[in-house]
Amino acid sequence: METIQAILESKLRPAVGDSGGLPVTVQAAQDTRFGDYQTNIAMQLAKARKANPRAIAQEIIARLDVAEISETPEIAGAGFINFRIKSEALATHFASLVSDPRLGVPQVAPRKLVIDFSSPNVAKPMHVGHIRSTFLGDALARIGRFLGHSVVTDNHIGDWGTQFGMLCLAWKTIVDKAALERDPIGELERIYKLQNERCKSDSAAMDAARAELVKLQNGDAENHAIWREMIRLSQVQFDTIYRRLDINFDHTLGESFYNPWLKDTVNELVQKGIARESDGAICVFSDSSVPEKEDPFLIKDENGWKPSPALVQKADGASNYTTTDLATIAYRVREFAPDEIIYVTDGRQQLHFRQFFTIWKRLHPDIAVKLSHVWFGSILGEDGKPFKTRSGDTVKLADLLDEAEERAFKVVREKNPELPETECREIGRIIGLGAVKYADLLPNRQGDYVFSWDKLLSFQGNTAPYLQNAYVRIRAIFRKAAEAGITTQAGTVNLTEPAELELVKKLAQFGETLPAILEDHRPNLLCNYLFELANAYHSFYEACPVLKADEPARSSRLALSDATARTLKTGLGLLGIEVPERM
RNA sequence: GCAGCCGUAGCUCAAUUGGAUAGAGCGUUGGUCUCCGAAGCCGAAGGUUGUGGGUUCGACCCCCGCCGGCUGCACCA
């Protein structure tokens, strides 16, 4: 079904006529005093044509026929055109919304998206550093699929690199088999740290580690088997956490998967004159095609601009991550033919992404694939410094999730002493995991945020528990209705109270908000929307009795409640968050 | 040094990407349960959007200069 916004836009477009390339758009009004929707097109046209905006607005309105949906549009301020939706039109719209399994979200022109996120490292525990990539990427994948896109999720795990020389050496010399049995990742972490320290202080140990790395790289059977086993053990850990978080990947193609193409990638870069030798390494330099300030291959010092190349092959002949990333795009283009590849990583990698996106475009100017680096800031502790345990270690993801569930369980137990413990555990699980995910997705992803148990688990304010509770309250109404044997008259829509109309308007915006969220890769806007929806419902709930109302109001209000509950459940589901039936 | 990002209410954050009188939550504070879950609702106070200029009908948003913080800057990823 069409959104109200889309209907207004389709009627506005012919009334505007030639907009000179300006997009003719309508947006929900920020302030309801000015109506429900507004367009700024008259002011934009006035600027382009150096004409009077209000006069242009007048001309547009004269040609505009929106009578079936809106009151007479009004011109206000500098030249805004404001629309107030007729309540009959809202009723009609809501009638189709409530029977729409997509809750009014339009089917968009499908695109193929590859989303690369999470990317944990083999032989290391997943920790807080993986939270944002994992939750953001998963939310984007879910939203993309719901909108009708074809989404491929790929976990580009860190399964290759110099650390495996040390790991192979440590595996052969200091590993504790019993500990490896009990806690594989813990033991791998322990031997890696120990080996790393030995190598720092002992050059013979360092040489031995290098030798193991060379053997691994040259396909030595023993080291290859050790490496394979470390990957397998790590994957068990990843799978456990992803299952717990209900996150799925279509592919898990680690860095090592691309090894066969690295040499060819470097050769191609050299042959095309994009890369050349420098100090024994092979590097990509600036091609001077953009201003110096914008050039990712230049850096300025006191003597002016000098090269800041990207390495594609080290002096020892090994490739590095830029090369792997280039080979990865090539593979994805061959295999998936995507319209867009989305990388969800830490903001500190911005320079790297600018460089390798630029290299890719130089390498394949003919291939039209949009490359998006969706970056995010750090998670800080309440002291404003990077989030660590009291002893200063990184916080393991599994521990964090345990604590979230435990804290939520205690709150649920306290508020519902009558519920059996197993049910409190299950509710605690849903609330705890939801709270952590929501707290991560709520802030604008660019920029750091402070991790606070009290805030994210609060039942007040813009939190997952608050939204889950709004859902639960609605479900309680339906339980009560069922107990009382109340049946609804399907299809009854009877909107009279302001709170009812406000709620319908908010429900109608779900389908208008969602596409913009994917466009900008910003799930936080969905959080904001859901919070506003819950607020609108609570206001309605105060003002309008549901079960005690007479027909047709009762059936109509039950329909409003049902649509709200489904939108909350669906919206939270798109963020990877479940809802309980009671809490 | 250069580049990127950030700076919004006491605190934590929004702001539909250039739109109207910058909004929420927490905290402070005044109301509101005989009534579907008060985990709620209705209200009040709280701001020179770091700062100085500029662009324009209009700027938290764009441009230039400062101040402060975070991050990155060739053989780790």
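Convention: sequence-line order gives letters A, B, ...; per-chain numbering from 1.
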Q. What base-paired stems does RNA chain B take part in, with at least 3 consecutive Watson-Crick or G-U wobble pairs and both distances under 3.5 Å?
A. B:1-7 with B:67-73, B:10-13 with B:23-26, B:28-32 with B:40-44, B:50-54 with B:62-66
(Q) Base contacts versus sugar-phosphate-only contacts with protein, heavy atoms under 4.0 Å: please encode nucleotides 66-71 of chain B as B, S and - from 5' to 3'. (A) -----S
Q) If you check every side-chain atom of Arg473(A), which of A38(B), U17(B), A20(B) has the closest atom? A) A38(B)
Q.
Just the rounded figure in Å: distance from P of C26(B) to CH2 of Trp453(A).
A. 21 Å
Q: Report yes if at least one side-chain N or O of Thr324(A) is closer than 4.0 Å to OP1 or OP2 of A77(B); otherwise report no.
A: no
Q | Which residue lies more 5' along RNA chain B, comparing Pro53(A) with Ala476(A) via nearest heavy atoms | A | Ala476(A)
Q.
Would you say Lys480(A) places a side-chain N or O within less than 4.0 Å of OP1 or OP2 belonging to G37(B)?
A. yes
(Q) So for Lys415(A) and G37(B), does any side-chain atom that can act as donor or acceptor lie under 3.5 Å from a complementary atom in the base? (A) no
Q: Kindly point out which of C26(B), A3(B), A15(B) is positioned nearest to the side chain of Gln460(A)?
A: C26(B)
Q: Look at the side chain of Asn524(A) and decide which nucleotide, out of A39(B), A15(B), G37(B), has an atom nearest to it.
A: A15(B)
**Q.** In C13(B), glycosidic geometry as syn within 90° of 0 or anti otherwise
**A.** anti
(Q) Under 4.0 Å, heavy atoms only, any strand: does Asn535(A) hit a base, just the sugar-phosphate, or nothing? (A) sugar-phosphate
Q. For U17(B), does the O4'-C1'-N9-C4 (purine) or O4'-C1'-N1-C2 (pyrimidine) torsion place it in syn, i.e. within 90° of 0, or in anti?
A. syn
Q: From the options A15(B), C36(B), A77(B), select the nucleotide whose nearest atom is closest to the side chain of Asn444(A).
A: A15(B)
Q. Would you say a side-chain N or O of Asn121(A) is under 4.0 Å from OP1 or OP2 of C76(B)?
A. no
Q) Ring centres of Phe356(A) and His373(A) under 6.0 Å apart? A) no
Q: Taking only Lys NZ, Arg NE, NH1 and NH2, and the carboxylate oxygens of Asp or Glu, determine whether Glu578(A) and Lys569(A) approach each other closer than 4.0 Å.
A: no
Q: Write down the distance between CD1 (Ile56(A)) and P (C57(B)), rounded to a whole number of angstrom.
A: 13 Å
Q: Rounded to the nearest angstrom, tell me the gap between atom NE2 in His373(A) and atom P in C5(B).
A: 13 Å
Q) Using atom P of each nucleotide, how far apart are A9(B) and U51(B) to the nearest Å? A) 10 Å
Q | Heavy-atom side-chain proximity of Arg445(A) to Val374(A) below 4.5 angstrom | A | yes
Q) How long is the gap from CD on Glu9(A) to CG on Leu12(A), to the nearest 0.5 Å? A) 7.5 Å
Q: For Phe531(A) and G23(B), give me the distance from atom CZ to atom P, rounded to whole Å.
A: 15 Å
Q) Considering residues, nucleotides and ligands other than Arg276(A), do more than 12 of their heavy atoms fall under 6.0 Å from its CZ? A) no
Q. Centroid-to-centroid, Phe510(A) to Tyr529(A), below 6.0 Å?
A. yes
Q.
Which nucleotide wins on minimum distance to the side chain of Ala78(A), given the candidates C2(B), C75(B), C57(B)?
A. C57(B)
Q: Can you figure out which of C13(B), A39(B), C75(B) approaches the side chain of Phe459(A) most closely?
A: A39(B)
Q.
When you measure from the side-chain N and O atoms of His538(A) to the phosphate of G40(B), is any distance below 4.0 Å, counting only OP1 and OP2?
A. no
Q. Could you give the distance from CD (Gln5(A)) to OG1 (Thr513(A)), rounded to the nearest 0.5 Å?
A. 8.0 Å
Q: Remember a base hit wins even if backbone is also touched, and classify Cys527(A) as base, sugar-phosphate or nothing at under 4.0 Å, heavy atoms.
A: nothing
Q.
Can you see whether Phe459(A) has Lys415(A) sitting over its ring - NZ or CZ less than 6.0 Å from the centre and within 45° of the normal?
A. yes
Q. Which nucleotide in the list G19(B), C57(B), A3(B) gets nearest to the side chain of Lys47(A)?
A. C57(B)
Q) Separation of Arg479(A) atom CZ from C36(B) atom P, in whole Å? A) 14 Å
(Q) If you compare every side-chain N and O of Tyr466(A) against the phosphate oxygens of C41(B) (OP1, OP2), does one of them come in below 4.0 Å? (A) yes
Q: For the pair Phe451(A) and Tyr449(A), name the ring-plane relationship: parallel under 30°, tilted 30 to 60°, perpendicular over 60°.
A: tilted
Q: Could you state the atom-to-atom distance from CG of Leu456(A) to P of A39(B) in whole Å?
A: 20 Å
Q. Whole-Å distance between U17(B) P and Glu519(A) CD?
A. 11 Å
Q.
If you only use heavy atoms from C-beta on, which nucleotide in U17(B), G19(B), G1(B) is closest to the side chain of Ile299(A)?
A. G1(B)
(Q) Taking 4.0 Å as the cut-off, does a side-chain nitrogen or oxygen of Arg522(A) come that near to OP1 or OP2 on A15(B)? (A) yes
Q) With a 6.0 Å cut-off on ring centres, are His538(A) and Tyr466(A) close enough? A) yes
Q.
Need one value for Val546(A): base, sugar-phosphate or nothing, where a base atom within 4.0 Å counts as base even if backbone is also close, heavy atoms only.
A. base
Q: Run the salt-bridge test on Glu532(A) and Lys506(A) with the 4.0 Å N-O cut-off and return the result as yes or no.
A: yes
Q | Closest nucleotide among C36(B), A77(B), G25(B) to the Glu255(A) side chain | A | A77(B)
Q) With rounding to whole Å, what would you report as the distance between C63(B) and G25(B) at their P atoms? A) 33 Å
Q | Salt bridge flag under 4.0 Å for residues Glu197(A) and Lys200(A) | A | no
Q: Just call it for Pro443(A): base, sugar-phosphate, or nothing, with non-hydrogen atoms closer than 4.0 Å on any strand.
A: sugar-phosphate
**Q.** Any donor-acceptor N/O pair under 3.5 Å between A20(B) base and Asn82(A) side chain
**A.** yes
Q. Which of these nucleotides, G19(B), C36(B), G40(B), is closest to any side-chain atom of Phe80(A)?
A. G19(B)
**Q.** Spacing of Gln38(A) atom CD relative to G19(B) atom C1', expressed in whole Å
**A.** 7 Å
